[in-house]
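Beneath this line is the structure, given in structure tokens, with notes to follow.
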Number of protein chains: 2
Amino acid sequence: MTIGELARRTGCGIETIRYYEHEGLLPKPGRTSGNFRCYGQEHAELLSFIRNCRSLDMALNEIRILLRFRSAPDENCGAVNALLDTHIGHVEERIAELQSLESQLKALRDKCRSGRSAEHCGILQGLGGAPDDRDASGDNHVPRTHSTKR
Amino acid sequence: MTIGELARRTGCGIETIRYYEHEGLLPKPGRTSGNFRCYGQEHAELLSFIRNCRSLDMALNEIRILLRFRSAPDENCGAVNALLDTHIGHVEERIAELQSLESQLKALRDKCRSGRSAEHCGILQGLGGAPDDRDASGDNHVPRTHSTKR
DNA sequence: TAGACACCCTGTAGTGACTACAGAGTCAAG
DNA sequence: CTTGACTCTGTAGTCACTACAGGGTGTCTA
């Protein structure tokens, strides 16, 4: 199948498929005489695996590790468990951060319920003080609040 | 004060301060005879404002809007309220997504409690199916699960 | 006055996971 | 034979920084 068909089947963008190939997550497929990539069922399954992992917010490097286990069926899967546990930890951490964020934002929002002039806007004033030292941690690969998903 | 002192006072990296200047969030400061940037109290306050906004996970473009209101005290602050409401919406959305993620990850983790061989690992098998169409939305600027904070 | 050392300067490149082109080639239908 | 949909490679852009390289400045001590 062509790259476009693979994209349609998996719900993955064409550029993303080429990107995964470039990153070594997907093996290089065969080519037609006209140099078009041609994929088989096994590529579709592999790509679904990758997209499932991504929809669980795993980083490509984590997925790389899982792929190694997927293709080495005799190894002990303890490392798979550990990877997932770490990842769950990251997600939990990020949820806690965002919840704290949310309550801070709502408290801020409550400072200005009316359409008064910016000069007296409680929100702008609330943002002006000395910076809190909320969250300065450093090794959670789970992104922050603003991202664009396709 | 020098850039290093400003950095120390606000808990912001030196490179980040130069970056904000380059992005037009901080006005260009004066310079000493030796070409060192020199900052005053108003810069420190402005930078604190920006860092507060960032610690609330606002995007630089959102902060730019707030800064315009901060320096135009006579305008009506309704847009400030709207911006914050939108941002709170993004954060709430992201929390909901992550919570769904968390329960999926935990369900997956329960599929393999033992150190069996990867061939029979329930996690790897669970990741293999057709991709769910969980979250395909597109305009939430709140990042995903993996990020590096300073 | 010399040297050491901390600090600062500009500019460029890297991060992660894509996304968006430009400019060209391929293929099937009408 | 033309149209139009699809594909190719390669490069640059996204966001909010971070990390250099290669140089200059300022202050303190010997």
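All values below were derived from every heavy atom in this structure, side-chain atoms included, with hydrogens, water molecules and symmetry-related copies excluded. Chain letters run A, B, ... following the sequence lines, proteins first and then strands; every chain starts at 1. Not measured: the values here are computed from a predicted model.
Per the geometry, CG belonging to A:N61 stands 7 Å off P belonging to C:dA17, to the nearest Å. Rounding to whole angstrom units, OH of residue A:Y39 and C1' of D:dT7 are separated by 11 Å. Per the geometry, CD1 belonging to A:I17 stands 14 Å off P belonging to D:dC6, to the nearest Å. Computed from coordinates, the B:R51 CZ to D:dA16 C1' distance equals 9 Å when rounded to whole Å. Rounding to whole angstrom units, CZ of residue B:R8 and P of C:dC8 are separated by 7 Å. B:L6 has its CG atom 11 Å from the P atom of C:dC9, to the nearest Å. Computed from coordinates, the B:I3 CD1 to D:dT25 C1' distance equals 15 Å when rounded to whole Å. The interatomic distance linking A:E21 (CD) with D:dT7 (C1') rounds to 13 Å, in whole Å.
For A:R31, the side-chain atoms get nearest to D:dT9 when compared with the rest of D:dT9, C:dC9, D:dT18. For B:R37, the side-chain atoms get nearest to C:dT10 when compared with the rest of D:dC8, C:dC18, C:dT10. For B:R54, counting side-chain heavy atoms from C-beta on, the closest listed nucleotide (D:dA16, C:dC8, D:dT18) is D:dA16.
With sequence neighbours excluded, the residues satisfying salt bridge (charged side-chain N to carboxylate O under 4.0 Å, His left out) with B:R18 are B:E15. Under the rule for a side-chain contact (heavy atoms from CB on, under 4.5 Å), B:S33 has no partner lying at least two apart in sequence or in another chain. Shown here are the side-chain contact (heavy atoms from CB on, under 4.5 Å) partners of A:L67, two or more places apart in sequence or in another chain: A:L25, A:L46, A:F49, A:I50, A:I63, A:R70. Residues that satisfy the side-chain contact (heavy atoms from CB on, under 4.5 Å) test with B:F36, not counting sequence neighbours, are B:T32. Applying the ring pair (Phe, Tyr, Trp, His ring centres under 6.0 Å) test to B:Y39 and every residue at least two apart in sequence or in another chain returns B:H43.
Taken to the nearest 0.5 Å, the CD1 atom of B:I65 stands 11.5 Å off from the CG atom of B:L60. The distance from the NE2 atom of A:H90 to the CG atom of A:D85 is 11.5 Å, given to the nearest 0.5 Å.
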For every nucleotide of nucleotides 20-30 of chain C, 5' to 3': is a protein heavy atom under 4.0 Å from its base (B), only from its sugar-phosphate (S), or from neither (-)? BB---BSS---
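Put simply, B:T16 has no side-chain N or O that comes within less than 4.0 Å of OP1 or OP2 on D:dC17. Between B:Y19 and D:dC15 there is no side-chain polar atom (N or O) within less than 4.0 angstrom of OP1 or OP2.
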